[in-house]
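The figures that follow rest on heavy atoms only: side chains count, while hydrogens, waters and symmetry mates do not. Not measured: the values here are computed from a predicted model.
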Amino acid sequence: MTTLLDLKSSVLRQVQRSQSLRGRREPTPTPSSPLTHCPDPLPRRISEESVEFFERVNAILQKQENMLRAAQAEGQKGACTVPPPQEHVDQAFIPDRIRRTELDLLYEEAVYTVVNRVGVPSPEHVITDEELFAYLLKVFDMGEEEHDIILQKVQEAKRASFSLRVSVVKAKSLMAKDANGYSDPYCMLGILLGQSPRETEEKKERKFSFRKKKDKLEKRSSTKEVLPTACIQVTEVKAETLNPVWDEHFLFEIDDVHNDLLHLDIWDHDDDVSVAEACKKLNEVSGLRGMGRYFKQIAKSVRSNGSASSGSEENADDFLGCINIPLNEIPIVGYDTWFKLEPRSSTSKVQGECHLILKLFTSQRDTALSKKDSNVSIHKKLLSQIVEYEHAHVKREPYNWNGHVCPPAWTVLTHHAVQTDLSPLQQAIIRWQCYSSHHRTQRLCYSLLLRLLRTIDAEWDPIAVRGDLERQLSDSFRLYTEHCLCLMKNMRQVFPCTSAAAITRYELMLRGIGYMQNMQAFKTVCPLRNDLQLDITTAAK
């Protein structure tokens with residue numbers, strides 16, 4: 001409204017100024033002046049046309065003013081509660097609904113996720129199976145009898161196999177062990193198998209280290225299996241530094257996700273010793289518990305051509321610290337944090353911290369859907385089903401829904417994304433696909449869609465988006481832009497200026513389209529779509 005008033009004032013000022021200038025510049029006509037010979041009707045006709053023109057302009061401005069005043073008055077009375085007009089959509093944009101048989105398979109996947117969930121939940125997550133199952137029954141419109149059949153099938157299926165991804169990023173403020181004031185640090189890490197109840201009690205009384213006395217380790221060795229080399233991993237040696245950067249990644253298969261433990265040692269390396277060669281002897285270790293003894297051999301006794309150590313702790317000055325992380329204490333979404341290095345005994349002196357990234361995920365799932373479909377596709381179907389249910393139960397301003405789901409929904413979705421090892425970028429793309437597709441049939445808040453686009457932009461990595469995922473992202477961008485262009489062609493009906501809510505939605509939609517056009521992701525997956533601005537201009541006109 002202010003802009004229109006300024007335009008009106010500017011036009012009137014120009015008219016007054018032009019008349020004033022004409023009055024100053026035109027000399028008073030004299031009898032000898034040629035102007036005395038000009039006919040009188042011409043200036044009068046020009047003046048009448050000017051007045052008529054400005055009267056029409058004034059009427060147009062006044063009409064716009066009245067409309068904007070009405071919209072402003074509507075907003076002051078609570079226009080946000082007045083829904084904007086329906087956004088009619090071409091039927092070609094409406095996705096197909098999922099069939100009942102596919103819903104049953106998807107329900108099995110969701111139940112399997114609940115039964116096999118691991119990790120420490122955050123405060124916003126639901127803990128009990130009963131609450132999660134009660135929510136899923138409503139989402140999938142499932143009967144109690146059908147639920148019992150599927151639950152029994154899941155319980156009889158093979159339990160999910162878990163793996164642990166460990167990224168040893170870096171360490172800082174380590175203790176200097178060499179004469180030059182530095183150390184040559186490297187890490188040794190492995191999975192310690194689950195403890196028996198008696199061993200658990202013993203563990204509470206002492207700090208564990210891979211370097212333990214021989215007699216204790218032999219007493220704990222209850223099996224005679226050969227320890228596989230993959231159980232112990234070693235990083236590179238970083239020479240002469242107290243703040244090493246490794247950025248190395250390791251993968252461990254987990255036997256007992258509820259009781260196993262990740263153990264990491266940091267040692268100062270002797271240049272005369274080849275740690276890699278020493279680790280090749282791991283297959284000679286007898287007994288799963290013998291791993292601790294062999295860590296001692298590698299880090300301490302290999303200096304004497306691999307001869308056995310007496311088991312004493314005299315050479316403890318090569319030890320820089322250790323970390324013990326029970327797998328059942330890892331949060332659902334994993335760890336990405338600094339861990340303080342611990343001593344292995346009260347006489348050990350250590351300092352510093354180590355930055356680790358840990359994530360648990362399922363390496364094998366025994367569900368019908370996981371055997372025939374990709375994890376990305378399954379998660380997308382699960383999210384779409386939950387979004388449809390959640391939006392249908394929004395009572396206040398459903399057209400302005402911000403996409404938030406209830407705690408049970410968030411719990412199921414988080415566990416499924418983590419268990420199926422979806423990256424943050426994959427999750428961002430899936431959310432965008434689901435919400436933008438749902439928006440074509442049920443209106444959402446455009447600020448939600450803009451926020452999802454920004455998340456993709458922040459996580460974007462073109463190398464990670466290839467094949468089907470790239471094609472699906474391209475299709476979602478294309479369908480969304482076509483949907484918005486369709487709305488722009490009917491903007492007088494869909495976004496009338498008398499509706500404050502409609503004006504706000506139109507502004508947010510344009511902002512989202514403009515942001516999408518400048519995204520690196522959009523330029524990568526839609527390289528030929530460089531005329532979007534022209535399409536928008538044409539549709540608006």
Side-chain angles (χ1 to χ4, degrees), residues 98 102-122 124-142 147 150-151 153-155 157-165 254 257-258 327 330-334 358-391 403-435 437-438 452 455 459 468-469 472:
I98 188 169
E102 294 178 350
L103 273 179
D104 292 342
L105 295 178
L106 192 59
Y107 186 76
E108 178 194 355
E109 181 76 20
V111 171
Y112 191 87
T113 300
V114 172
V115 171
N116 289 277
R117 67 188 192 280
V118 297
V120 179
S122 56
E124 64 269 17
H125 287 146
V126 173
I127 300 176
T128 64
D129 290 358
E130 292 75 16
E131 189 174 351
L132 293 175
F133 288 146
Y135 173 75
L136 290 175
L137 283 172
K138 293 183 287 187
V139 171
F140 288 87
D141 192 21
M142 190 72 63
H147 165 76
I150 293 177
L151 178 59
K153 180 182 177 182
V154 168
Q155 291 172 340
K158 185 179 179 181
R159 299 283 295 184
S161 300
F162 282 88
S163 297
L164 176 67
R165 183 180 294 111
I254 305 301
V257 72
H258 299 289
L327 300 189
I330 298 178
I332 296 174
V333 295
L358 311 177
K359 184 180 179 182
L360 281 168
F361 62 95
T362 54
S363 51
Q364 185 176 356
R365 299 171 67 83
D366 190 15
T367 63
L369 208 54
S370 63
K371 295 175 183 177
K372 69 173 187 176
D373 218 339
S374 67
N375 291 334
V376 171
S377 177
I378 296 172
H379 191 74
K380 180 182 175 182
K381 292 176 182 177
L382 182 60
L383 177 58
S384 297
Q385 187 69 21
I386 290 176
V387 165
E388 184 175 342
Y389 173 81
E390 290 284 321
H391 196 185
H404 290 169
V405 296
C406 65
W410 182 243
T411 302
V412 173
L413 290 171
T414 302
H415 277 286
H416 188 267
V418 171
Q419 289 182 20
T420 54
D421 197 25
L422 297 178
S423 68
L425 176 57
Q426 288 175 318
Q427 295 181 53
I429 292 175
I430 291 171
R431 284 195 294 269
W432 160 256
Q433 289 177 321
C434 288
Y435 281 102
S437 175
H438 180 73
L452 295 175
T455 305
E459 299 285 349
D468 289 340
L469 189 60
Q472 292 169 10

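- Without hydrogens or angle criteria, Q427 side chain to L422 main chain gives a donor-acceptor distance under 3.5 Å.
- The closest donor-acceptor contact from the side chain of S163 to the backbone of S363 lies at 3.5 Å or more, if one exists at all.
- Ion pairing of D366 with R159 is absent here, as no side-chain N (NZ or NE/NH1/NH2) approaches a carboxylate O to less than 4.0 Å.
- The closest side-chain heavy-atom distance from E124 to P407 is not below 4.5 Å.
- Taking both residues in full, the closest heavy atoms of V126 and P408 are given as CG2-N, 3.6 Å, listed atom of the first, atom of the second, then distance.
- Between the side chain of Q385 and the backbone N or O of V139 there is at least one donor-acceptor pair closer than 3.5 Å.
- Remark: the backbone N or O of L469 is not paired with any side-chain donor or acceptor of Q472 at under 3.5 angstrom.
- Every residue two or more places apart in sequence or in another chain that forms a salt bridge (Lys or Arg N to Asp or Glu O under 4.0 Å) with E109 is listed here: R365.
- Distance alone, capped at 3.5 Å, places no donor-acceptor pair between the S437 side chain and the C434 backbone.
- The minimum heavy-atom distance linking A110 with L136 is given by the pair CB-CD1, 3.9 Å.
- Looking only at distances, no side-chain donor or acceptor of D373 sits under 3.5 Å from a matching main-chain atom of L369.
- Checked against salt bridge (Lys or Arg N to Asp or Glu O under 4.0 Å), K158 has no partners two or more places apart in sequence or in another chain.
- Applying side chain to side chain donor-acceptor pair (under 3.5 Å) to R117 and the options T411, D129, T414 leaves one that passes, D129.
- In plain terms, the two heavy atoms of A160 and T362 that are nearest each other are CB-CG2, 3.7 Å.
- Between the CZ atom in F162 and the CG atom in N116 there is a gap of 5.5 Å [rounded to 0.5 Å].
- The OG1 atom of T367 sits 10.0 Å away from atom CG of L106, with the distance rounded to the nearest 0.5 Å.
- Panel note: side chain T420, backbone N375; no donor-acceptor pair is recorded below 3.5 Å.
- Across every non-hydrogen atom of I332 and P121, the tightest pair is CD1-CA, 3.5 Å.
- To the nearest 0.5 angstrom, Q426 atom CD is 11.0 Å from E459 atom CD.
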Practice item. Apply side-chain contact (heavy atoms from CB on, under 4.5 Å) to L327 and I254, showing your working. Key: CA-CA 9 Å; L327 300 189; I254 305 301; 3.6 Å; yes

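- Here the closest non-hydrogen pair linking H415 and V118 is CE1-O, 3.5 Å.
- Here CG of L164 is found 5.0 Å from CG of L360. Values are rounded to the nearest 0.5 Å.
- Every residue two or more places apart in sequence or in another chain that forms a salt bridge (Lys or Arg N to Asp or Glu O under 4.0 Å) with K153 is listed here: E108.
- Not counting sequence neighbours, the partners of F140 by the ring pair (Phe, Tyr, Trp, His ring centres under 6.0 Å) test are Y107.
- The list of ring-ring contact (aromatic ring centres under 6.0 Å, His included) pairs with a residue in residues 365-385, not counting sequence neighbours, reads H379-H416.
- Here the straight-line distance linking atom OG1 of T113 with atom CG of L382 works out to 7.0 Å at 0.5 Å rounding.
- Put simply, the side chain of Y435 gets close to the backbone of G403: a donor and an acceptor are under 3.5 Å apart.
- Rounding to the nearest 0.5 Å places CD1 of I429 at 11.5 Å from OG1 of T455.
- A donor-acceptor contact closer than 3.5 angstrom is absent between the side chains of S377 and S374.
- Looking at every heavy atom in both residues, Q364 comes nearest to Y112 through O-OH, 4.3 Å.
- K359 meets the salt bridge (Lys or Arg N to Asp or Glu O under 4.0 Å) test with D421; sequence neighbours excluded.
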